[in-house]
Amino acid sequence: MGSTDEPVSHKPRVAVVFGGRSTEHAISCVTASSVLAALDREKYDVLPIGITREGRWVLAPDDPEKLAIHGGELPEVSASAQAVVLASDPTRRALVVHEPDSAPRLLRGVDVVLPLLHGPYGEDGTIQGLLEMAGIPYVGAGVFASAAAMDKQYMKLVLTGSGLPDVPHVVVPPRQWESDPAAVRESVASLGFPVFVKPARGGSSIGISKVHGSGELDDAIELAQQADPKVIVEAMIEGREIEVGVLESLDGGAPDVSVPAEIVVRGEREFYDFDAKYLDDATRIDVPANLPEPVVERIRQLAAWAFEALSCEGLARVDFFLTSAGDVVVNEVNTMPGFTPTSVFPRVWAASGLPYPALVERLVQTALRRRPGLR
Ligand SMILES: Nc1ncnc2c1ncn2[C@@H]1O[C@H](COP(=O)(O)OP(=O)(O)O)[C@@H](O)[C@H]1O
Ligand SMILES: [Mg+2]
């Protein structure tokens, strides 16, 4: 790479990338706020990069406060005067900054990226592909695992293909809903009501409805389609919601699994929806979950299994239903789980002996050790 306008630094440069084009833009900003506050500045040269809702990459202010939730108001990345371009050419590990009315400015390259993006265009393999092309190590799952875990249809195929238990469901491709809605209604009815209708590639419960009878189905499918043209409908599982954190092992062994948490949704909320996740206090999170030891063991075993089945790297949160009959089924795998200090993932790790800053440090270290290319 050519010379840059920057003073020489020997600290590894960590780019924290957040925001993005998905409906989870704001949640990603909140996550970035906490991670920026936790990164050890003595050790790392931290570069915050925001992606606006339109997909514009900008140098963002290094100000965790600006990205937090204030009085129910959700944060967002605003287009700044400084657009930044990450070269996809691995022989030129440069960042180019474009400011109006001045020549492009070259910044020293990035040593590791923390792609704190949730949902499509971030958690789904797209930014991971860009970083692979650029030869830059990054935190978290690679292209395939990210894409497969993001798409509930393929996540289920991989997990059941590996022998893991999951939830009975029907996939509704957009073409089928257009051409033969009666067939869709019939196959959904065979699941038995209530059902959960979801965007296939969604998150944070955005676009999800609990459907109590056939009369509510069409509206629910159309709502889900606003987030993703491909929709998935699942039989409702009666039971408890249990989540665990998984971390790639530092010594190449089996992944580490945290203590489990239980999500207890109270009050009038029918399930763990967006408001219950982020905005109100109708949800209680028990860490650790109050469960008999054999159930904890089973959950930990299935979580490590799911992590490996999808070839996850770095981190994942695996979410389960514990049915009233005592069976454990996987609901989903999140390759970039919510990551604020009050989110489930950091809390289960804190309860397992890894406080927030140490968790961030471990993720960065895992990524820095990783060789780019096929692995
Ligand atoms: N099959 C199901 N049975 C019972 N509750 C469900 C089911 N699917 C989803 N839910 C409820 O909806 C929430 C969000 O669903 P989930 O599939 O985890 O979507 P997201 O990826 O948006 O988090 C779950 O945490 C749970 O409360
Ligand atoms: Mg979920």
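First listed ligand is number 1; within each ligand, the first listed atom is number 1. It should be emphasised that the depicted structure is a prediction, and the values quoted were computed from it without experimental measurement.
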Proximity winner for atom 6 (C) of ligand 1, if only heavy atoms of F321, F271, F274 are counted: F321
What N/O/S atom of E332 gets nearest to the Mg ion (ligand 2)? OE2
At a 4.0 Å cut-off, with the gap strictly under it, does some heavy atom of N331 reach an atom of ligand 1? yes
Do E238 and F321 come close enough that some side-chain heavy atom pair is under 4.5 Å? no
Ligand 1 versus E241, non-hydrogen atoms closer than 4.0 Å: side chain, backbone, both, neither? side chain
Non-hydrogen side-chain atoms of L159 and M155 separated by less than 4.5 Å: yes
With a cutoff of 4.0 Å, is K277 in contact with ligand 1, counting heavy atoms of the residue only? yes
Mind checking the CG-CD spacing from L117 to Q128? Nearest 0.5 Å is all I need. 8.0 Å
Can you tell me which portion of Y272 lies within the under-4.0 Å heavy-atom range of ligand 1? Options are side chain, backbone, both, or neither. both
K198 and ligand 1 - part of the residue with a heavy-atom distance under 4.0 Å: side chain
Shortest protein contact, atom 2 (C) of ligand 1 (heavy atom only): F196 CD1, 3.5 Å
Donor-acceptor pair, distance only, cut-off 3.5 Å: does the side chain of R300 make one with the backbone of S258? yes
What protein heavy atom lies closest to atom 20 (P) of ligand 1? Include the residue and the distance to one decimal. E332 OE2, 3.5 Å
Top protein contact for atom 19 (O) of ligand 1, by heavy-atom distance: I208 CD1, 3.2 Å
Just one of F345, W349, F18 clears the ring pair (Phe, Tyr, Trp, His ring centres under 6.0 Å) bar with F339, so which one? F345
Students should be able to answer this: which protein heavy-atom is nearest to atom 3 (N) of ligand 1, and at what distance? I237 N, 2.8 Å
What protein heavy atom lies closest to atom 14 (C) of ligand 1? Include the residue and the distance to one decimal. S205 OG, 3.3 Å
